[in-house]
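Side chains included, hydrogens not; waters and symmetry mates left out as well; all remaining heavy atoms used. To find a chain, count down the sequence lines: A is the first, B the second, and so on, and within it residues start at 1.
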Amino acid sequence: MKQVFSNPVLVKEIKLRFRSPKSFIGILFYLIAMCIFVFGFILLTTQFSGTGYFRPEESFFMFTMLTYIQLGLILFITPGLTAGAISTEREKQTLNILLTTSQTSFQIIFGKLTSSIAFLLLLLIAGLPIYSMVFLFGGVSPSQLGIIFLFFFLTMLAIGSIGIMYSTIIRKTIVSMIATYGTMIFLSAVTGFIYLVITGMNTMVAGSISSSPVGHFFASINPVVLVLTLVSPGSDTFITDTTKVDFPIWVGYAIFYICITAFAIFISVKKLRVNMNRTK
Amino acid sequence: MIEIKGLSKKYGAFYALNDLNLTLQEGTVFGFVGANGAGKSTTFSILATLLQPTSGDAFVNGKSVRTDANEVRKQIGYMPDFFGVYDQLKANEYLDFYGASYGISEAERKILIPQLLELVNLTHKRYEYVDLLSRGMKQRLCLARSLIHDPKVLILDEPASGLDPRARVEMRDILKQLKGMGKTILISSHILPELAEMCDEIGVIDGGRLIAHGSVSEIQSKLAGERHITVKVKGLLENVATFFEEDPFISSIEMHLEKNAVTFNYRGTEDDQINLLKKAMDHSIKVISFSETETDLEDVFMEITKGAK
Ligand SMILES: Nc1ncnc2c1ncn2[C@@H]1O[C@H](COP(=O)(O)OP(=O)(O)OP(=O)(O)O)[C@@H](O)[C@H]1O
Ligand SMILES: [Mg+2]
C-alpha cells in the first residue's frame with residue numbers, strides 16, 4: 001500500500017492537479033449543476049403535486065436521474081482526464097526525461113491512471129451529500145448505491161485505461177482524445193444500438209425469438225443498460241426475454257470491463273518505452 | 001565505461017548512424033562534434049535507452065542498452081537537447097519529483113536537493129515555478145536533475161546551447177567540478193573552443209560515421225604545419241588574390257569582400273612567411289594587416305567535415 005502512495009508520478013500529478021484552480025472550478029460547477037437539478041426537482045414535484053410533500057416513487061425517479069447524470073459525467077470526464085496523460089508529456093518534451101528515470105513503465109502508467117481516477121472519485125464523493133438527499137426521502141437502499149458506485153469505479157478504470165492506452169500509442173493528444181471519446185461512445189451508445197438491431201432482426205426473421213448470445217453480449221457491455229438493471233432490479237428480464245440468454249448483466253459487464261482494463265494497461269506498459277532489443 | 005560497438009540507426013534507407021565504434025575509459029570527458037544532422041543526438045538517445053538501434057549495441061559500465069536498459073538508466077544522467085518542464089511545479093519540487101523517480105528516499109532528497117541547487121547556482125530560485133525560469137536557468141536545473149541519482153556517466157546533448165557567455169562559462173565550471181568528481185561525461189556541442197578546454201577526448205562525427213577520434217592535441221595536429229593567415233588590404237581584392245594564389249605554400253584561399261581581406265592556409269616556414277609579406281609589399285599591395293589566426297577546433301572541424309563529404 002505504501003508502494004502505491006509513494007508512486008512519484010501519482011504524487012506529482014495530484015500536486016499539480018490541486019494547484020490549478022481549474023480542478024476546483026470543475027468540482028464547483030459539477031456540484032452546482034447537481035444542486036440545481038435536485039432542488040429544482042423537489043421544488044417542482046412538491047409544487048405541482050399539490051400535496052406539498054415528496055413521495056418515495058418520486059425519490060426513486062430522482063435517484064435514477066442522478067445516477068444517470070453521474071454516469072454521463074464519468075463517461076465524459078474520464079477520457080478528458082486520461083487521453084492526454086502520456087501524449088501531453090510527449091508534446092511538452094517532458095516524457096523523454098521521465099523515461100530515462102529508473103521507474104518501471106508500470107509505475108509510470110499506474111501513477112497516471114490512479115491520479116485521474118483519484119480526481120474522479122473525489123468528484124463522486126463530493127456529490128455524495130446531494131445523493132444522500134435521496135435517502136432522506138426514502139425509496140433507495142444504501143447498499144444499492146454502494147453497488148452502483150462499485151460499477152462506476154470499474155467503468156472509470158476501464159475507460160481511463162483505454163484513454164491512457166491511446167495516449168501512449170498515439171503521438172498527438174488531439175487524436176488520442178478523439179479515439180478515446182470514440183471508444184466511449186461506441187461502448188455506451190453504439191453497443192445499445194447493435195443490441196436493438198440484432199434482437200429486432202431476430203424477431204423479424206424468425207417470427208419467434210431465437211437465442212442470441214451476441215445480442216446479449218452487446219447489451220451487457222452497455223453502461224446505460226447496466227445502470228438500468230442496477231437501479232431497478234428485474235429490468236434485465238427484458239434483455240433475457242429478447243435474447244433468450246439468461247446470464248446476469250452485471251456479471252458480463254464486470255468480466256468485460258475487467259478484461260478491457262487489463263488489456264489496455266498491458267498495452268500501455270508494453271508500448272510506453274521503445275523495445276530496445278527488438279530484432280527485425 | 002562506455003563501449004559502442006558497430007552501432008547503426010536506419011530511418012528507412014537513410015543511415016542516421018553508420019557502424020559507430022567508440023570506447024571511453026572511466027573519468028573521460030568526451031566532446032562530440034559534428035554538423036547539424038550528423039547523428040550526435042541519435043547516438044545519445046540510444047545511449048539513454050530512448051531509441052532502438054537498428055544494429056550494434058552500446059554498453060554503459062558493461063550493461064547493454066539492448067538487454068539491460070533498466071540498469072543503464074541507473075548509471076546515466078541524461079540531458080536532452082530539447083526538453084520541457086512541468087508548469088505549476090517549483091524548482092525544488094521538480095528535483096524532488098525526479099529524485100523520487102529514482103527511488104531516492106525523502107530524507108536523502110531533503111539533503112541532496114539544496115546541494116544540487118547550490119552546485120548550479122539556483123538556490124535563490126528554489127521556490128520559483130520552473131516554467132517561469134529563464135532558458136539558461138532551466139538548463140542548469142536540468143543539469144542538476146540529471147545528477148540527482150549520482151550517475152557515473154553524464155550524457156549532455158548541447159548543454160550550452162541558448163546560454164549567454166557568462167552562463168556558458170558557469171556551465172563549464174560546473175562540468176569541471178563534475179569531472180573532478182570522476183564522472184565520465186559525454187557532451188555534444190557546436191561551440192568547439194569551449195569543448196577543447198575541458199575535454200580529454202574529441203570525436204568528430206559526420207554523416208553518421210565517426211571520422212576522427214583522439215585527444216584534443218591529436219585532432220589539432222591533424223592540421224599542424226599549416227597556419228591560417230588573414231591579410232586585410234586596401235584596394236582591389238581580386239589582384240591580391242591572384243598574387244597569393246601563385247605562392248606554392250598557399251592553399252584554400254578565400255576572399256572576404258565585406259572585410260576586404262583574403263584568408264588562406266600557409267605551409268611554409270616562418271622565414272618563407274616573412275618573405276611572402278615582403279614580396280606582397282614589393283608588389284605594391286596595400287596591406288593593412290597580415291595576421292595569423294590560431295587554428296582552433298572550429299577550423300579543425302570545418303577541415304575534417306569537409307574532407308568527409
Ligand atoms: N525520426 C526520424 N525519422 C527520420 N530521420 C530522422 C529521425 N530522427 C532523426 N533523423 C535524421 O537523423 C539524422 C541525425 O540526426 P541527429 O538529431 O542525431 O543529428 P545531430 O547530430 O544531433 O544534429 P544537431 O547538431 O542539429 O543537433 C538527421 O539527418 C535527421 O534528419
Ligand atoms: Mg542534436
Side-chain angles (χ1 to χ4, degrees), chain A residues 2-25 84-112 115 119 168 171 173 269-280, chain B residues 10 41 44-55 57-58 64-90 93-94 96-106 109 129-131 138 141-142 145-146 148-149 151 155 157:
Chain A
K2 193 168 172 289
Q3 186 78 47
V4 172
F5 289 111
S6 65
N7 182 308
V9 175
L10 173 63
V11 172
K12 185 215 70 180
E13 294 281 315
I14 289 179
K15 199 186 273 177
L16 291 194
R17 183 147 282 143
F18 288 106
R19 207 163 259 180
S20 100
K22 268 190 294 186
S23 307
F24 293 100
I25 294 171
I86 303 295
S87 52
T88 48
E89 291 232 8
R90 198 180 283 128
E91 282 162 7
K92 284 169 76 184
Q93 298 182 309
T94 51
L95 186 65
N96 266 359
I97 298 178
L98 188 62
L99 294 185
T100 51
T101 67
S102 59
Q103 288 186 90
T104 62
S105 302
F106 178 76
Q107 269 183 304
I108 295 173
I109 295 291
F110 183 80
K112 287 283 180 187
S115 65
F119 182 70
T168 310
R171 301 197 72 79
T173 301
V269 170
K270 274 272 163 260
K271 293 287 173 191
L272 182 65
R273 285 189 165 110
V274 294
N275 181 358
M276 292 299 286
N277 204 21
R278 187 181 53 211
T279 43
K280 278 187 203 151
Chain B
K10 258 172 114 173
S41 299
F44 283 2
S45 296
I46 292 173
L47 279 175
T49 75
L50 291 170
L51 197 65
Q52 193 218 357
T54 309
S55 62
D57 202 348
S64 154
V65 294
R66 276 179 179 273
T67 56
D68 237 348
N70 238 329
E71 280 304 312
V72 171
R73 280 179 210 123
K74 288 179 194 158
Q75 311 264 357
I76 58 161
Y78 171 63
M79 183 169 161
D81 44 356
F82 297 106
F83 62 92
V85 293
Y86 301 104
D87 39 10
Q88 312 272 356
L89 209 57
K90 292 171 186 166
E93 294 168 334
Y94 177 83
D96 192 68
F97 166 61
Y98 287 104
S101 298
Y102 281 104
I104 299 167
S105 75
E106 198 172 343
R109 297 199 302 263
Y129 287 110
V130 277
D131 57 325
K138 278 182 202 160
L141 187 65
C142 189
R145 190 224 83 235
S146 67
I148 195 141
H149 55 301
I155 297 172
D157 203 348

Would you give the length of the straight line joining atom CG of A:Asn96 to atom CE of B:Met79, rounded to the nearest 0.5 angstrom? 13.0 Å
Measuring from atom CD1 of B:Ile155 to atom OG1 of A:Thr100, what distance do you get when rounded to the nearest 0.5 angstrom? 9.5 Å
Is the NZ or CZ atom of A:Lys92 both under 6.0 Å from the centre of the six-membered ring of B:Tyr86 and within 45° of that ring's axis? no
A:Glu89, part contacting chain B, at a heavy-atom distance under 4.5 Å: side chain
Derivation and outcome, side chain to side chain contact (heavy atoms under 4.5 Å, CB included), residues A:Leu99 and B:Leu50: CA-CA 7 Å; A:Leu99 294 185; B:Leu50 291 170; 3.8 Å; yes
Check: A:Lys15 and B:Lys90 side chains under 4.5 Å, non-hydrogen atoms: no
Contact part of B:Asp57 toward chain A, heavy-atom cut-off under 4.5 Å: side chain, backbone, both or neither? neither
Do A:Arg19 and B:Glu93 come within less than 4.5 Å of each other through their side chains, counting heavy atoms only? yes
Top of B:Gly84, B:Cys142, B:Ser101 for chain A proximity - count of heavy-atom pairs under 4.5 angstrom: B:Ser101
Go through the atoms of B:Leu51 and report whether side chain, backbone, both or neither lie under 4.5 Å from a heavy atom of chain A. backbone
So how far is it from A:Ser102 OG to B:Lys74 NZ, rounded to the nearest 0.5 Å? 6.0 Å
Non-hydrogen atoms of chain A under 4.5 Å away: do they reach the side chain of B:Ala69, the backbone, both or neither? side chain
Specify the closest pair of heavy atoms between A:Asn275 and B:Gln52, including all atoms of both residues, with the distance to one decimal. O-CG, 3.1 Å
Side-chain touch A:Ile97/B:Tyr98, heavy atoms, less than 4.5 angstrom: yes
Quick one: do the A:Ser20 and B:Gln88 side chains pair a donor with an acceptor below 3.5 Å? no
Just do the side chain to side chain contact (heavy atoms under 4.5 Å, CB included) check on B:Phe97 and A:Val11 with the steps written out, would you? CA-CA 8 Å; B:Phe97 166 61; A:Val11 172; over 6 Å; no
Region of B:Val85 that comes under 4.5 Å of a non-hydrogen atom in chain A: backbone
Could you tell me whether the side chain of A:Lys12 reaches within less than 4.5 Å of the side chain of B:Leu89, counting heavy atoms only? yes
